[in-house]
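Only this structure's heavy atoms are used, side chains among them; waters, hydrogens and symmetry mates stay out. Throughout, a chain's letter reflects where its sequence line sits, starting with A, and its residues are numbered from 1. All values derive from a computational prediction rather than experimental measurement.
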2 protein chains.
Amino acid sequence: MQEKPELDFPRPLTTVDVVIFAIRSDALQVLLVQRPKAESEPFPGAWALPGGFVDIAGDRDLEACAVRRLKAKTGVVSPYLEQLGSWGSATRDPRGWSATHAYFALLPEHTAGGALAGDAQWFAVEGEKVRPKLAFDHAEILQAAVLRLRNKVEYTSLPAYLMPQEFTLPELQRTYEIVLDRPLEKSAFRTRMLAADLIEPVAKMRKGPNRPAQLYRLKKAKAPVFFTRTFNPPG
Amino acid sequence: MQEKPELDFPRPLTTVDVVIFAIRSDALQVLLVQRPKAESEPFPGAWALPGGFVDIAGDRDLEACAVRRLKAKTGVVSPYLEQLGSWGSATRDPRGWSATHAYFALLPEHTAGGALAGDAQWFAVEGEKVRPKLAFDHAEILQAAVLRLRNKVEYTSLPAYLMPQEFTLPELQRTYEIVLDRPLEKSAFRTRMLAADLIEPVAKMRKGPNRPAQLYRLKKAKAPVFFTRTFNPPG
DNA sequence: ATACTTAGTTGTACAGTCCAACTAACTTAG
DNA sequence: CTAAGTTAGTTGGACTGTACAACTAAGTAT
């Protein structure tokens, strides 16, 4: 009989991965990193979600680890960040039983052009996928992230976090439409957004080749707004 | 330079916990287990969520581990089970950096009286809490589970999983009201449920001291239904 | 029979989306 | 200066589903 209950049984590998979304070139894009090409690494040279092992000396908690990964690849410090779920199994990593804690982040449009790590690159989301074949089960995680995002966009103000600091209502609507991949009604969209305690006009207009549009900004420190209906009966 | 990248750095402890809900005595209840009383254990004698370490030899994946834990404490094999999220930090377990993958389950009413493990007991959920002080950060996990459940009940058919095989619409409405902790409108509730492709009448009535009520059952293998509105503007 | 209770229905009001047509403000071409 | 084209923004009616309240239906108990 031992003093302490046994703790030296084998433990799964523990990682954190972040699905980082931004609007670029009028499309929903996701940031991927290329894995090292050494043959000793799993999935050498493949594209993968940014992430890696939890550093039990340096990371206070899971979210701190996600924030660290996000900052390392994008330089962005406090975007919208939400836990997505976890994936763990005996087979997802050839090195052994492993579990990953997945997060997803929404970057405002202007930050998405900033300081990128050298191994990182943006990819357009097509359907719920991305062109290259991803390492591990990252395609599945990405799909879950896209589905979660699309679903929440139906009844929340999440796309506001993808906008630059100042934006017009047609621009915001366009972002909704990009994420949902379907057109929305202009007047219903405006009614919904303006009724919510979400945005406020600034004393400027966006000028273009035709009628100028009112510029708005997010009310400060705004948590996402939840609406009580979805848009279109999506059926 | 080594052949393989290092993998022998310290790894966090990895556990799975399950928040198991059922309706008992006209109230929302949650199943807790008492921790061993040996002083060598963390939180000796305290109540905790059912769960424990992932067994990398026996558990194929996280969900299998959750199902195993659920079956061990309740005997139930395939109730509604949903991933809730994960909690990991340096301080949540005195034994060291630890991460738990939390699930929540909804048990149908009749199974909730069945074969309970000896160390397990049902507790009424009051607000988002339970009377006894819980081990680890389990109070926080329980709160997250209750909030998630309440929130989803506004626009899904989740409470149907808490019902016995056959039930009446007033009984289903009562379950909604217990979870939400507020009354709902009878006619709107009936309209919503009957319009959904969710339940079907059986050729029986529930008899009581007054007018009998039509009995229904879930249509087979029904995934939860999502409605496009919430109930009451909950404001 | 009458009162009481719960099941279930009916009808009106209301909120917010859907749809379509309209007005407003700007640029560019003649 | 005017007309055409484009996008911003508004307006009004149809429709859907909830809120609210009053009603009918079917049983028990007295």
Side-chain angles (χ1 to χ4, degrees), chain A residues 26 151 153-157 159 163 166-178 180 182-217 225-235, chain B residues 26 151 153-157 159 163 166-178 180 182-217 225-235:
Chain A
D26 206 41
N151 188 50
V153 165
E154 294 280 358
Y155 61 93
T156 68
S157 63
M163 305 303 292
E166 297 184 345
F167 54 86
T168 68
L169 277 178
E171 287 164 359
L172 180 59
Q173 180 175 350
R174 179 67 191 138
T175 296
Y176 268 81
E177 292 172 341
I178 288 169
L180 290 175
R182 78 164 190 266
L184 294 179
E185 281 305 314
K186 181 170 49 164
S187 78
F189 181 82
R190 297 177 65 92
T191 303
R192 172 180 284 209
M193 291 304 147
L194 293 172
D197 179 40
L198 176 70
I199 56 178
E200 56 192 4
V202 298
K204 276 186 286 183
M205 306 291 280
R206 169 90 71 221
K207 314 241 184 215
N210 35 43
R211 177 169 173 175
Q214 177 66 52
L215 279 166
Y216 294 86
R217 67 173 169 222
V225 172
F226 288 76
F227 304 101
T228 57
R229 299 192 193 179
T230 60
F231 282 111
N232 268 337
Chain B
D26 206 41
N151 188 51
V153 164
E154 293 282 356
Y155 60 92
T156 69
S157 63
M163 305 302 292
E166 297 184 345
F167 53 88
T168 68
L169 278 178
E171 286 164 357
L172 180 59
Q173 181 175 348
R174 179 66 191 141
T175 297
Y176 269 82
E177 291 172 341
I178 287 169
L180 291 174
R182 78 165 190 265
L184 294 178
E185 281 306 313
K186 181 171 48 166
S187 79
F189 181 82
R190 296 177 66 93
T191 303
R192 170 181 284 209
M193 290 306 147
L194 293 172
D197 180 38
L198 177 70
I199 57 178
E200 57 192 5
V202 297
K204 275 187 284 180
M205 307 292 279
R206 170 88 73 220
K207 313 240 185 218
N210 35 42
R211 177 169 173 175
Q214 177 66 52
L215 278 165
Y216 294 85
R217 67 174 170 221
V225 172
F226 288 75
F227 303 101
T228 57
R229 300 192 193 178
T230 60
F231 282 111
N232 270 336

### Task
Go through the steps for A/R229 and A/R192 under the test side-chain contact (heavy atoms from CB on, under 4.5 Å), then give the verdict.
CA-CA 10 Å; A/R229 299 192 193 179; A/R192 172 180 284 209; 4.1 Å; yes
### Query
Over how many whole Å does the gap from A/R206 atom CZ to C/dC26 atom P extend?
16 Å
### Side-chain heavy-atom pair B/M205, B/Q214 within 4.5 angstrom cut-off
yes
### Query
Which sits closer to the 5' end of DNA chain C, A/P212 or A/K186, going by the nucleotide each is nearest to?
A/K186
### Summary
Of A/P209 and A/E171, the one whose nearest nucleotide on DNA chain D sits closer to the 5' end is A/P209
### Query
Within 45° of the axis and under 6.0 Å from the centre of the six-membered ring of B/F167, does NZ or CZ of B/R174 qualify?
no
### Task
Just call it for A/S187: base, sugar-phosphate, or nothing, with non-hydrogen atoms closer than 4.0 Å on any strand.
base
### Query
What is the distance from CZ of A/R190 to C1' of C/dA24, rounded to the nearest Å?
12 Å
### Message
Looking at the base of D/dT16, is there any donor atom on it, or on the side chain of B/R229, that sits under 3.5 Å from an acceptor on the other one?
### Response
yes
### Message
Distance check needed: D/dG9 C1' versus A/L172 CG, whole Å only.
### Response
15 Å
### Task
In whole angstrom, give the distance that lies between atom CZ of B/F189 and atom P of D/dA19.
12 Å
### Query
Whole Å only: how far is the CD atom of A/Q173 from the P atom of C/dT17?
13 Å
### Query
Contact class for A/K207 vs. all strands (heavy atom < 4.0 Å): base, sugar-phosphate, or nothing?
nothing
### Task
Sequence neighbours left out, what passes side-chain contact (heavy atoms from CB on, under 4.5 Å) with B/A196? Give chain and number order.
B/L198, B/V225, B/F227
### Query
OP1, OP2 of D/dG17 versus side-chain N and O of B/R192: anything below 4.0 Å?
no
### Query
Just how far, in rounded Å, is P of D/dT30 from CG of B/N210?
14 Å
#### Entry: Atom-pair distance (CG on A/L194; P on D/dG9), nearest Å
9 Å
### Message
Please verify the inter-ring angle class for A/Y155 with B/Y155; under 30° counts as parallel, over 60° as perpendicular, anything in between as tilted.
### Response
tilted
### Task
Could you state the atom-to-atom distance from CD of B/E185 to C1' of C/dT12 in whole Å?
14 Å
### Message
Quick check: any donor-acceptor pair below 3.5 Å linking the side-chain of A/R211 to the base of D/dA8?
### Response
yes
